[in-house]
Visitor: 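My questions all concern the structure below.
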Amino acid sequence: MKTSLPRYVRRALILGGAAIVLVACKADEVEVELDVQQLQAAADGAEVMAEFEAVFSNLGELDNEQRAQVDAVRDILEQYMAIDDFELETTDTGFEVTIEGEIPVIDAPRADHAYFIAVSESASLPGYHRVALQTGDDFTAMEGEMSAISFMLSPDAHHPTKFRVDGESSSLLAPAAEVDGRAYLLYDAPLEDRVRLIQKDGPFDRVGAGFFIRLAD
C-alpha cells in the first residue's frame, strides 16, 4: 500500500461535499474499510490510505440549478481528495450522490487533512490504540469554499459511520455500537476475521465515531 502521496491526493475525505443539494450536510452513512495491518502500520509511523464510501440522499426532483451546484461541489472535492467515483443518480423519491475514495490513516491527533483516521495509543485504556474519524486543519478551508457556493452549506464534521475492520486482534472495544443488527452499550470481543461496527446519532453527532483495539507490541 502506498505510504506517500502528493498533497492534493492526501488532503482529505470530504464527507459533506454533496450537502449543498441535500436537506442536511450529513451523509446517510459513511463506510470506512480498515484492516489490522493498516492500523499497525499507522501506529508504527507510516501514513496509509483506507477506502471509503459516502452516500447522501434527498427527496424531491433534481433541477438544473441543483445539477450545476453538484458539479461545482465536485470541482472542490477534487482539490481536496482522491475521488475514485462520484455518482449522481435519480431515485423513485428523489436523488442520491455516492462518493468513493480514500482517506489517510495516521498516528497523529491533528493533521492538515480535512478528514482522517487517527490511530493513537489510548491514555485511558493501556494496551489499546484508539481509532477515530477526525477532522483536521483543512476542514475549515474546505468549509469556506463550500460556503462560497451557498451560505446554506456547512459540511458536518461527524456522520453516521460504519467501520469494516478485517484481521485479527485479541480485543476490540466499541462504545454504543451496532454489530450484526444487535446494539451494544459496549461491544467487547476478539477480532477473528471481520467485524462491521455502526455508530450514529446521539453523542456521535458531536464527537464522531471510533473504537479501541489491541495491536501487536
Visitor: Strictly distance-based, threshold 3.5 Å: is any side-chain N or O of His113 a donor or acceptor partner for the main-chain N or O of Gly136?
Guide: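 Absent.
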Visitor: Suppose we screen for side chain to side chain contact (heavy atoms under 4.5 Å, CB included). Which residues come up paired with Ala108, at least two apart in sequence or across chains?
Guide: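 Partners of Ala108 by the side chain to side chain contact (heavy atoms under 4.5 Å, CB included) criterion, ordered by chain and then number, come out as Ile106.
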Visitor: Compare every heavy atom of Leu39 with every heavy atom of Leu215, then report the nearest pair and how far apart it is.
Guide: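 Shortest heavy-atom separation between Leu215 and Leu39 comes out as CD1-O, 3.8 Å.
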Visitor: So do the side chains of Tyr115 and Asp138 get within less than 4.5 Å of each other, counting heavy atoms only?
Guide: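 In short, these two side chains do not touch, never coming nearer than 4.5 Å.
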Visitor: Mind checking what makes side-chain hydrogen bond (donor to acceptor under 3.5 Å, both in side chains) contact with Asp137, not counting sequence neighbours?
Guide: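 Here the qualifying residues are Arg110.
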Visitor: Quick check: is Leu173 connected to Val195 through a chain of hydrophobic side chains (ILVMFWY, heavy atoms under 4.5 Å apart)?
Guide: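 Hydrophobic grouping puts Val195 apart from Leu173.
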Visitor: Please determine whether the number of non-hydrogen atoms from other residues, nucleotides or ligands lying under 6.0 Å from atom CG of Leu185 exceeds 12.
Guide: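 Atom CG in Leu185 is not packed in, count stays at 12 or less.
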Visitor: Given 3.5 Å as the limit, does a donor-acceptor pair link the side chain of Gln199 with the main chain of Gly210, or not?
Guide: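 Checking the backbone N and O of Gly210 against the side chain of Gln199, a donor-acceptor pair under 3.5 Å is found.
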Visitor: Checking one residue: Ile198. Which other hydrophobic residues are in its cluster under the side-chain 4.5 Å linking rule?
Guide: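 Taking Ile, Leu, Val, Met, Phe, Trp and Tyr as members, Ile198 stands alone, with no cluster partners.
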Visitor: For residues 160-174, which residue pairs qualify under side chain to side chain donor-acceptor pair (under 3.5 Å), counting only residues two or more places apart or in two chains?
Guide: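 Residue pairs passing side chain to side chain donor-acceptor pair (under 3.5 Å), neighbours aside: Glu33-Arg164, Tyr128-Ser171, Arg164-Asp166, Asp166-Arg194.
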Visitor: With side chain to side chain contact (heavy atoms under 4.5 Å, CB included) as the criterion, how do Leu133 and His159 come out once you've worked through the C-alpha distance, each side chain's angles and the decisive distance to 0.1 Å?
Guide: CA-CA 9 Å; Leu133 180 59; His159 303 260; 5.7 Å; no
Visitor: Which distance, rounded to the nearest 0.5 Å, do you find between the CZ of Arg214 and the CG of Leu191?
Guide: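 Here the rounded value is 13.5 Å.
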Visitor: Provide the full list of salt bridge (charged side-chain N to carboxylate O under 4.0 Å, His left out) pairs with a residue in residues 83-94, sequence neighbours left out, each pair given once.
Guide: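 For residues 83-94, and leaving out neighbouring residues, there are no salt bridge (charged side-chain N to carboxylate O under 4.0 Å, His left out) pairs at all.
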Visitor: So do Pro190 and Leu172 actually touch side chain to side chain, heavy atoms under 4.5 Å?
Guide: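 Result no, sub-4.5 Å side-chain heavy-atom pair not found.
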Visitor: Do any N or O atoms from the side chain of Gln38 and from the backbone of Val48 form a donor-acceptor pair under 3.5 angstrom?
Guide: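 Absent.
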Visitor: What residues, two or more places apart in sequence or in another chain, satisfy salt bridge (charged side-chain N to carboxylate O under 4.0 Å, His left out) together with Asp205?
Guide: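 Here the qualifying residues are Lys26.
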Visitor: Given side chains that start at C-beta, do those of His129 and Asp107 come closer than 4.5 Å, heavy atoms only?
Guide: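 Not in contact.
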Visitor: Where do Ile76 and Glu145 come nearest, in terms of heavy atoms and distance?
Guide: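 Between these two residues, the closest heavy atoms are CD1-O, 3.6 Å.
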Visitor: Can you list every pair that meets ring pair (Phe, Tyr, Trp, His ring centres under 6.0 Å) and has a residue in residues 189-212, with sequence neighbours left out?
Guide: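 For residues 189-212: Phe163-Phe211.
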Visitor: Return the minimal non-hydrogen interatomic distance between Pro109 and Phe116, and the atom names on each side.
Guide: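 Here Pro109 and Phe116 meet closest at O-CZ, 3.8 Å.
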Visitor: Scan residues 166-190 for pairs that pass ring pair (Phe, Tyr, Trp, His ring centres under 6.0 Å), counting only residues two or more places apart or in two chains.
Guide: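 Residue pairs passing ring pair (Phe, Tyr, Trp, His ring centres under 6.0 Å), neighbours aside: Tyr184-Tyr187.
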Visitor: Under the rule for side chain to side chain contact (heavy atoms under 4.5 Å, CB included), what residues qualify as partners of Val55, not counting sequence neighbours?
Guide: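 So Val55 forms a side chain to side chain contact (heavy atoms under 4.5 Å, CB included) with Asp28, Glu53, Glu96, Thr98.
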Visitor: State, yes or no, whether a side-chain contact exists between Val131 and Val165 at a heavy-atom distance under 4.5 Å.
Guide: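 No. Closest side-chain heavy atoms not under 4.5 Å.
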Visitor: Return the minimal non-hydrogen interatomic distance between Phe52 and Ile103, and the atom names on each side.
Guide: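 Nearest heavy atoms, Phe52 then Ile103: CD2-N, 4.2 Å.
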Visitor: For Asn64, does the CG atom have more than 12 heavy-atom neighbours from other residues, nucleotides or ligands under 6.0 Å away?
Guide: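 No - once you tally the heavy atoms of other residues, nucleotides and ligands closer than 6.0 Å, there are 12 at most.
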Visitor: If you take all heavy atoms of Lys200 and Pro160, which pair is closest and at what distance?
Guide: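 Minimum heavy-atom separation between Lys200 and Pro160: CB-CB, 3.7 Å.
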Visitor: Once rounded to the nearest 0.5 Å, what's the spacing between atom CZ of Arg130 and atom OG of Ser120?
Guide: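 Separation between the atoms: 6.0 Å.
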Visitor: Provide the closest heavy-atom pair for Ala50 versus Val32 in the form atom of the first, atom of the second, distance.
Guide: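 Closest approach of Ala50 to Val32, heavy atoms only: CB-CG1, 4.4 Å.
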